[in-house]
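Notes follow once the structure below has been shown.
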Amino acid sequence: MLVNKPFFLRNITLAVLLALSAWLSAGAAADGVVFQDQTAELGLQGMANAAACWVDVDNDGCPDLCEAGGIWKNNWGLGFTKLAPGLGCVVAADFDNDGWVDLFSWYSLKVYRNEGGKAFTEVALPELPKCASRGACWGDFDSDGWVDLYVGGYEDWNAGITYPDMVLRNEQGQGFKLVWSEERYRARGVTGCDFDQDGDLDVYVSNYRLQPNVLWRNDGTGKLEDVTTAYNALATSPEFGGGHSIGAAWGDFDDDGLMDLFAGNFAHVDGRGDQPKSRFLRNLGPEQGYVLEDRGTCGVFYQESYATPAAGDYDNDGDLDLFFTTVYAGASFGKPNNPVLFRNDGGFVFADGTAAAKLEGLEPTYQAAWADFDRDGDLDLATAGKLFVNQGTAGRHWLGVRLFGDGKTVNRSAIGAQVRVKLGDRTLTRQVEAGTGEGNQNDLTLHFGLGVETGPVALEIVWPGGKVQTVERVGVDRKVVVRFKPGS
């Protein structure tokens, strides 16, 4: 067919056909992405079914697994050995800027200093109000180069007590000071993001008992203002003042360079009416003041007992997918209730990818955290007390990016930094976060699925404080480390 065409047209046609073939084969490969439970063979016997945190505690370049059953050392993706007993459910960041990530157990309200990747010692905290917590996040709220803590306060249901949310300011790695508390709502999940791109970390709190979620906007000094209504972040319906929320996840779900929000809701079917369903809130950007647009469910079908969400590009097509757990087991009101893997098909359209990925029938859990623990270029999933290993996304490329602050201007863990990769008309955005869903944490190494992009690509890094750094001509299918050095 091509022999009658001019040579340059033959080349163009061949190039188009080859590109189309590669795109189709990559799509077919990604559609076949499956996960395999390898918990036992990797040595994770005793792994608890509670919130999980992926973080490299021993600085060997591999994310280790911290959960209530233990702190598990990752042996270069070949297996795990228990490094230390479990310290409760934790979120992690380097609070003293010494190069070793430390742990905060929101379960016991204790900070643990990392002693060179070998042991953890408790750090004295000031006297705190009585509190039971279900989640927390680290972030440099006052822009001084040291990560602080936002702790969500939950409840004592039997006693009718609402416990306070708290902000603990980091005293330059020497300890913490309680600088703010409030007993308004009953918090479950806490997650931070500089959604308005002004250089400081804001906080979204998921509240339970049909109470409104809260979006706290940071003024850069650590002063938080409730802007929930002004930014359309209630995540509810007109019939209710609030949702029934357990967790939320920030992510650029439409690849436009802006951080959107998925707000999960546990929605009972009872005499109180049609309770608010989970929804996506799209960031409208600077032209509209970063207000969030309620896009509705976008394919996240109804189940009564949704719990904690975790965002990650499991099929390496460039779009952030969503894993969403449940509280109840089996059927509820005649409908199933199991964790679901929602595949992002673009344009805020999500489809059920659970069965195709071999994740159907999982038991109830509050555990959901992503990491490429075996460094093979695809994301693996800790959930339901098990480790599900991604069996590969052949034909699609990837990039891992690990950021480090200087420990002076930018906190050593780079919590709050955002990285953008431009692919044609798409801008993929990922953020370094220490707390997502209800008390879980994805790996600090940012994962970019790149589809059929063979690279090289350019990175635009916006550090906490707003300083920008660009890194040109980064090769794909590898993990790169970038240290704080504004400029190009």
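Below, all heavy atoms of this structure are taken into account, side chains as well, without hydrogens, waters or symmetry copies.
Residue pairs satisfying the salt bridge (Lys or Arg N to Asp or Glu O under 4.0 Å) criterion with at least one member in residues 90-101, sequence neighbours excluded, are listed as follows: Asp96-Arg113. The salt bridge (Lys or Arg N to Asp or Glu O under 4.0 Å) pairs that include a residue from residues 429-454 are Arg134-Glu438, Arg188-Glu438, where partners are two or more places apart or lie in different chains.
A cation-pi arrangement is present between Arg209 and Trp157 under the rule of less than 6.0 angstrom and at most 45 degrees off the ring axis. Under a cutoff of 6.0 Å and an axis angle of 45°, Arg186 and Tyr208 do not form a cation-pi pair.
A salt bridge links Asp254 and Arg282; the closest N-O separation between the charged side-chain nitrogens and carboxylate oxygens is under 4.0 Å. Checked for salt-bridge contact, Lys73 and Asp60 meet the test: a charged N lies under 4.0 Å from a carboxylate O. A salt bridge is defined here as a Lys NZ or Arg NE, NH1 or NH2 lying under 4.0 Å from an Asp or Glu carboxylate O, and Arg295 with Asp260 fails to meet this definition.
Not counting sequence neighbours, the partners of Arg426 by the side chain to side chain donor-acceptor pair (under 3.5 Å) test are Asp255, Asp319.
With ring centers used as reference points, Phe95 lies 6.0 Å or more from Phe104. The aromatic ring centres of Phe80 and Phe373 sit less than 6.0 Å apart. Between Phe253 and Phe280, a ring centre-to-centre spacing shorter than 6.0 Å is recorded.
You'll find the side chain of Val111 reaches within 4.5 Å of the side chain of Leu149, heavy atoms only. Counting only heavy atoms from C-beta outward, the side chains of Pro212 and Thr236 never approach each other to under 4.5 Å.
In terms of heavy-atom proximity, Pro464 sits nearest to Asn411 at CG-ND2, 4.2 Å. Across every non-hydrogen atom of Val91 and Trp138, the tightest pair is O-NE1, 3.0 Å.
Taking the six-membered ring for Trp and thresholds of 30 and 60 degrees, Phe266 and His244 have ring planes more than 60 degrees apart, a perpendicular arrangement.
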Applying side-chain contact (heavy atoms from CB on, under 4.5 Å), run through Val401 and Thr445 and close with a yes or a no.
-> CA-CA 5 Å; Val401 180; Thr445 295; 5.9 Å; no

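Here the NZ-CZ distance, from Lys479 to Arg375, works out to 5.5 Å after rounding to the nearest 0.5 Å.
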